[in-house]
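Residue numbers start from 1 in every chain, and the chains themselves are labelled A, B, ... in the order their sequence lines are given, proteins ahead of strands. Keep in mind that this is a model prediction, so the values were computed, not measured. Values below: every heavy atom of this structure, side chains too, minus hydrogens, waters and symmetry copies.
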Amino acid sequence: MPELPEVETTRRGIEPHVIGKTIDRVLVRQSSLRWPVSPELSQVLTGNRIGQVNRRAKYLLFTTDSGRMMVHLGMSGSLRITDRDSSVRKHDHIDITFRDGTILRYHDPRRFGSVFWLPGTSSHVLIDDLGPEPLSTEFSGDYLFKLSRGRKVAVKLLIMNSKVVVGVGNIYANEALHLAGIRPERVASGISRARYNRLADKIRQVLNDAIASGGTTLRDFVHEDGSPGYFKQSLTVYGRGGEPCLNCGTRLTETRLGNRATVCCKKCQR
DNA sequence: CGCTGACCCTGACGGC
DNA sequence: TGCCGTCAGGGTCAGC
């Protein structure tokens, strides 16, 4: 489900409902996610107050006085703000209830997500070696160009590699490459600095636009209140294999790259 | 070190 | 109506 814009949209939606609130109790109905939910989660969170809600890559970090809760939504996860009057649905795996009755509810049918407790100021191996944030100044065409020298991978897989840059998933990789006019399968080392500058710009553009639209809803992405995102209307290639390119009318081809759907206009993208 | 493919899991959808 | 195969926005890991 979520790429960076959806995670950021979730963060912004949830933040005002949980900041400064004290946790009354935590209910873990299903602890078998991508990795087991930290067994001490309930005990350590209870009585703690949420100070900040931050994002690193596609991880959400809830800071408390004694440590941080790190949440990843995987492919199908979502976080919603609700209350005790709402009915519990299938796959509502974790409820964090605050003293004012607000509930932060984690829902994840496929269970590819994860929830960890990071004591004190400790970090986690899953976020220790990540690449730069795509919307930070660290990320640029020059950075991509330098990093790509000697790399034989397809450029689409390069930009989807979280050690290179975080937060670029399959939807936005397809979109950015189309906007930049670059074939997804092109070998990373063979692309010029100028074209990487254009690609970096388009990655930033497509992510910013998606955040501004409240994220992309394809199947089950919803905001903290259950409403959908509206960026789907702006997608130019993803999910449009066989349909005409909005730029030149050529039939878009759909192939697989790294076992993921890859859509390309053979005329606009070289 | 770089790269490829298998794999974790449930649900939706299309073809028969 | 049901059964079966395929696919889905993520990311790790073993193996070469």
Side chain to side chain donor-acceptor pair (under 3.5 Å) partners for A:Arg29, two or more places apart
A:Asp95
Figure out the CZ/C1' separation between A:Arg34 and B:dA6, and round it to whole Å.
12 Å
Distance in angstrom units between A:Lys58 NZ and C:dG9 P, rounded:
10 Å
Do A:Phe112 and the base of B:dC8 stack face to face, with centres under 5.5 Å apart and an angle between planes under 30°?
yes
Can A:Arg11 and A:Glu8 be counted as an ion pair, charged N to O under 4.0 angstrom?
yes
Residue pairs involving residues 180-193 of chain A (criterion side-chain hydrogen bond (donor to acceptor under 3.5 Å, both in side chains); sequence neighbours excluded):
A:Asp142-A:Arg193
Check this one for me: any side-chain N or O of A:Lys90 less than 4.0 Å away from OP1 or OP2 of B:dT10?
no
When rounded to whole Å, the CZ to P distance for the pair A:Arg110 and C:dG10 reads 10 Å
Under 4.0 Å from OP1 or OP2 of C:dG10: is there any side-chain N or O of A:His72 that close?
no
Could you check A:His91 against A:Leu157 and say which one's nearest nucleotide on DNA chain B is further toward the 5' end?
A:Leu157
Side chain to side chain contact (heavy atoms under 4.5 Å, CB included) with A:Arg105: which of A:Asp83, A:Asp92, A:Ile96, A:Leu27?
A:Asp92
I'd like a table of atom pairs between the protein and nucleotides 1-3 of chain B - only N or O on both sides, under 3.5 Å - with the distance next to each one.
from, atom 1, to, atom 2, distance (Å)
B:dC3, OP1, A:Lys152, N, 2.4
B:dC3, OP1, A:Val153, N, 3.0
B:dC3, OP2, A:Arg151, NE, 2.7
B:dC3, OP2, A:Arg151, NH2, 3.3

Whole angstrom is fine here: how far is it from CG in A:Asn170 over to P in C:dG10?
6 Å
Gap between atoms CG and P, on A:Leu257 and C:dA8 respectively (whole Å):
13 Å
Write down the distance between CG (A:Leu33) and P (C:dG11), rounded to a whole number of angstrom.
15 Å
Where does DNA chain C form stems of at least three consecutive Watson-Crick or G-U wobble pairs, each pair having both distances below 3.5 Å?
B:2-8 with C:10-16, B:10-16 with C:2-8
Residue pairs passing the salt bridge (charged side-chain N to carboxylate O under 4.0 Å, His left out) test with at least one member in residues 198-214 of chain A, sequence neighbours excluded, are A:Asp201-A:Arg204
Residues from residues 259-266 of chain A sitting under 4.0 Å of DNA chain C, heavy atoms only?
A:Arg260, A:Ala261
State which residues pass salt bridge (charged side-chain N to carboxylate O under 4.0 Å, His left out) with A:Glu254; sequence neighbours excluded, sorted by chain then number.
none
Students often get this wrong, so: under 4.0 angstrom with heavy atoms, is A:Lys163 touching a base, only sugar-phosphate, or nothing?
nothing
P spacing across the pair B:dC3 / C:dG9, given as an integer number of angstrom:
22 Å
Tell me: CD1 of A:Ile127 to C1' of C:dG11, nearest whole Å?
15 Å
Any chain of hydrophobic side-chain contacts (each under 4.5 Å) joining A:Val18 to A:Ile94?
yes
Side chain of A:Met160, heavy atoms from C-beta onward: which of C:dG10, C:dA8, C:dT12 has the nearest atom to it?
C:dG10
Distance check: side-chain N/O of A:Tyr238 vs OP1/OP2 of C:dG9, anything under 4.0 Å?
yes
What is the distance from CG of A:Asn161 to C1' of C:dT12, rounded to the nearest Å?
12 Å
Suppose clustering is done on Ile, Leu, Val, Met, Phe, Trp and Tyr with side-chain heavy atoms closer than 4.5 Å. Which residues sit in the same group as A:Met160?
none
Please collect all salt bridge (charged side-chain N to carboxylate O under 4.0 Å, His left out) contacts where either partner lies in residues 110-121 of chain A, sequence neighbours excluded, each pair once.
none
Sequence neighbours excluded, which residues qualify as side chain to side chain contact (heavy atoms under 4.5 Å, CB included) partners of A:Asp100?
A:Lys21, A:Phe98, A:Thr102
Where at least one partner belongs to residues 37-47 of chain A, residue pairs that pass side-chain hydrogen bond (donor to acceptor under 3.5 Å, both in side chains), sequence neighbours excluded
none
Those residues at least two apart in sequence (or on a different chain) that pass side chain to side chain contact (heavy atoms under 4.5 Å, CB included) with A:Val153 are A:Arg151, A:Leu158, A:Ala188
Under 4.0 Å, counting only non-hydrogen atoms across every strand here, what does A:Arg111 touch: a base, just sugar-phosphate, or nothing?
sugar-phosphate
